[in-house]
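Throughout, protein chains are lettered first and strands after them, A, B, ... in sequence-line order, and every chain is numbered starting at 1. Heavy-atom basis, side chains included; hydrogens, waters and symmetry copies ignored.
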2 protein chains.
Amino acid sequence: MDDVSNQDQAIELLQQLGLKEYEAKSFVALARRQRGTAKDISETSEVPRTRVYDAIRVLESKGLVETQHSNPQVFRAVSIDEAVNTLQSEYVERAESLRNALGGLEPTDEGESTETTHEVWSISGDQGITSRTRQLIEGATEELILVIGHESIFTEQLAEQLRSAQERDVNVFIGTVDEKLRTTIQDALPDTEVFVSGLDWLSRSPLPDDDTEISRLLLADREAILISSFTETRADGREHEQGVFGRGFDNGLVAITRRLMATGLLSMNDPETEET
Amino acid sequence: MDDVSNQDQAIELLQQLGLKEYEAKSFVALARRQRGTAKDISETSEVPRTRVYDAIRVLESKGLVETQHSNPQVFRAVSIDEAVNTLQSEYVERAESLRNALGGLEPTDEGESTETTHEVWSISGDQGITSRTRQLIEGATEELILVIGHESIFTEQLAEQLRSAQERDVNVFIGTVDEKLRTTIQDALPDTEVFVSGLDWLSRSPLPDDDTEISRLLLADREAILISSFTETRADGREHEQGVFGRGFDNGLVAITRRLMATGLLSMNDPETEET
DNA sequence: AAGTATTGTGATTAAATGAGTGAATAGCTG
DNA sequence: CAGCTATTCACTCATTTAATCACAATACTT
């Protein structure tokens with residue numbers, strides 16, 4: 001974790017938090033040298049000197065920088081904690097206002113009614129998928145079957161949710177792709193049945209050019225499922241999690257998954273039937 | 001609080017939270033009708049139909065919307081709480097990363113040393129000023145004299161900070177511009193001496209074209225001060241709080257303020273000397 | 001005191017991003 | 001297959017942001 005990458009990361013994060021490039025660079029430059037003139041900042045930040053003044057003014061109005069009106073002017077960054085708290089509370093406040101504004105919206109009466117079965121929704125992004133997973137776990141009343149295809153999926157939060165489901169008398173079964181992961185999870189959830197899924201194609205795709213990796217597979221009360229996978233195929237190289245989510249006992253996708261899951265469970269209890 | 005304004009506000013807030021205009025409008029449209037096609041969204045949101053798809057894709061990747069890949073596609077917004085939490089946690093996470101990145105910066109060794117007295121810093125914006133006020137109050141060991149020029153300044157948080165200072169045996173004096181405000185504050189802080197400042201020019205400027213209003217005036221341990229004011233003069237009409245902050249017993253600004261404050265206090269205890 | 005370097009402000013240009021529009025493609029319905 | 005709708009893609013226009021320049025104001029040097 002060298003300093004250069006830290007600096008660049010800080011600049012990037014500041015921009016994501018709403019600052020412009022010059023503002024972010026100026027702030028980082030100032031943050032690491034306590035105080036400085038426009039010239040100083042310009043030199044350590046690559047920001048044109050003549051633009052430092054604008055940037056600082058914005059930073060000042062956001063409460064991140066203080067100015068000494070001498071000649072030359074001297075600028076100073078507030079402490080890191082203060083800066084982060086300021087930025088953070090700004091967003092938390094906005095989020096709170098948003099909650100109110102959205103809550104106060106009167107719904108349009110149109111388009112409410114559609115049959116609630118046979119639906120398949122696609123979601124993407126780790127956030128949304130994790131959130132939907134939680135919802136399904138919390139909503140389950142009888143049974144949860146969860147297959148975890150990658151260790152990164154199994155977080156402490158997830159374990160917590162599963163424990164809480166068990167306390168509501170939901171039967172929880174957890175499948176994994178290999179023995180190593182199985183042990184890890186069994187340790188975290190001693191009261192749960194954790195098995196290595198008999199479904200070989202889960203871990204290694206039978207297709208040649210398939211760099212998709214199953215990341216989770218959840219069946220809740222045998223009537224709602226969620227399947228998600230990682231794909232490498234992205235322009236920027238980063239992995240992206242995509243998923244589908246289906247509900248309804250007679251939903252085709254749910255039905256198929258139910259079968260597959262049952263097979264995976266069976267094969268574990270009764271190896272002879274593996275090729276069913 | 002009618003619906004239209006709520007909707008506009010929600011759109012604006014979503015944009016401030018990083019969404020583009022189309023994304024914000026599409027989301028709000030979806031949020032109020034539970035589910036809908038691109039056409040539906042376009043109609044209730046003023047977003048060109050052909051661009052709804054882009055917007056939704058972004059929303060989906062942020063975990064705010066789910067897609068049903070039928071024809072036509074049907075989109076659905078996640079619950080309001082879920083959406084807000086998702087957005088909020090996104091920013092909280094970023095802020096946390098920022099804290100690490102900034103904390104890991106190695107300081108440049110230049111420009112550290114300057115004399116620590118005689119300094120006057122200017123700050124602007126409610127946030128920064130409130131934050132600096134808090135710092136001064138928390139750092140005081142002996143005495144705090146605070147004059148409050150506008151009721152909006154006196155928040156529960158501020159009262160809390162003052163109470164906590166008193167528990168550390170700091171002498172707290174609070175001045176106000178009129179009797180009404182005095183009563184309010186006295187009620188909130190029964191153990192504090194709250195007086196109406198004898199300084200007339202605080203409440204109404206002796207100058208003609210002066211629409212500046214003193215908002216707070218703080219003297220901490222007689223060696224650090226903070227003065228802030230509201231100015232109406234802004235292009236967009238909104239009020240803006242500006243302030244100065246000085247430290248050092250021999251700092252000229254601090255010295256003058258110390259005198260003024262003492263006068264204000266004196267005149268209260270001893271009305272005869274009011275015109276000193 | 002005059003000349004030179006430095007500092008701050010404003011105007012101007014160039015590049016990037018986002019909003020808005022229409023054409024082309026794909027898919028469905030009868 | 002014809003005619004419709006839904007979807008994607010590419011392009012223009014407007015706005016925003018980055019970058020450069022010219023100049024006025026201020027300090028510093030000799």
Contact letters for nucleotides 24-30 of chain D, in which S counts primed atoms plus P, OP1 and OP2 and B counts the base, heavy atoms under 4.0 Å: --SS---

Write down the distance between [atom1] ([X]) and [atom2] ([N]), rounded to a whole number of angstrom.
X	N	atom1	atom2	result
R49(B)	dT5(D)	CZ	P	9 Å
D54(B)	dC11(D)	CG	P	15 Å
H69(A)	dT9(C)	NE2	C1'	14 Å
I56(A)	dT9(C)	CD1	C1'	16 Å
L19(A)	dA18(D)	CG	P	11 Å
Y53(B)	dA10(D)	OH	P	17 Å

Between [X] and [Y], does any side-chain N to carboxylate O distance fall below 4.0 Å?
X	Y	value
D54(B)	R49(B)	no
E23(B)	K20(B)	no
R99(B)	E96(B)	yes

Whether Y91(A) and Y91(B) hold their rings parallel, tilted or perpendicular, with breakpoints at 30° and 60°: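 If you compare the ring of Y91(A) with that of Y91(B), the planes turn out parallel.
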
Expected rows: protein N/O vs nucleotides 18-21 of chain C N/O, under 3.5 Å:
residue: dG18(C); atom: OP1; partner: K20(B); partner atom: NZ; Å: 2.4
residue: dA19(C); atom: OP1; partner: E21(B); partner atom: N; Å: 2.9
residue: dG20(C); atom: OP2; partner: Y22(B); partner atom: OH; Å: 2.9
residue: dG20(C); atom: O5'; partner: Y22(B); partner atom: OH; Å: 3.3
residue: dG20(C); atom: N7; partner: R51(B); partner atom: NH1; Å: 2.6
residue: dG20(C); atom: O6; partner: R51(B); partner atom: NH1; Å: 2.9

From D126(A) atom CG to S152(A) atom OG, the distance as rounded to the nearest 0.5 Å: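 Taking CG in D126(A) and OG in S152(A), the distance rounds to 8.0 Å.
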
K39(B), nearest nucleotide to its side chain (from dT8(D), dT7(C), dA6(D)):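 Among dT8(D), dT7(C), dA6(D), the one nearest the side chain of K39(B) is dA6(D).
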
Indicate yes or no: at least one non-hydrogen side-chain atom of [X] is less than 4.5 angstrom from one of [Y].
X	Y	answer
I41(B)	I56(B)	yes
L64(A)	L30(A)	no
L59(A)	S26(A)	yes
I227(B)	R216(B)	no

Exceeds 12 heavy-atom contacts within 6.0 angstrom, atom CD of E46(B):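 No, CD of E46(B) has 12 or fewer neighbouring heavy atoms, counting only those of other groups under 6.0 Å.
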
dA6(D) OP1/OP2 closer than 4.0 Å to side-chain N/O of Q73(B):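 So the side-chain polar atoms of Q73(B) never come under 4.0 Å of the phosphate oxygens OP1 or OP2 of dA6(D).
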
Strand contacts (DNA chain C) in residues 57-64 of chain A, 4.0 angstrom heavy-atom criterion: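 The answer is R57(A).
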
R51(B) NZ/CZ over Y22(B) ring centroid, <6.0 Å and within 45° of normal: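 No, R51(B) does not lie over the aromatic ring of Y22(B).
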
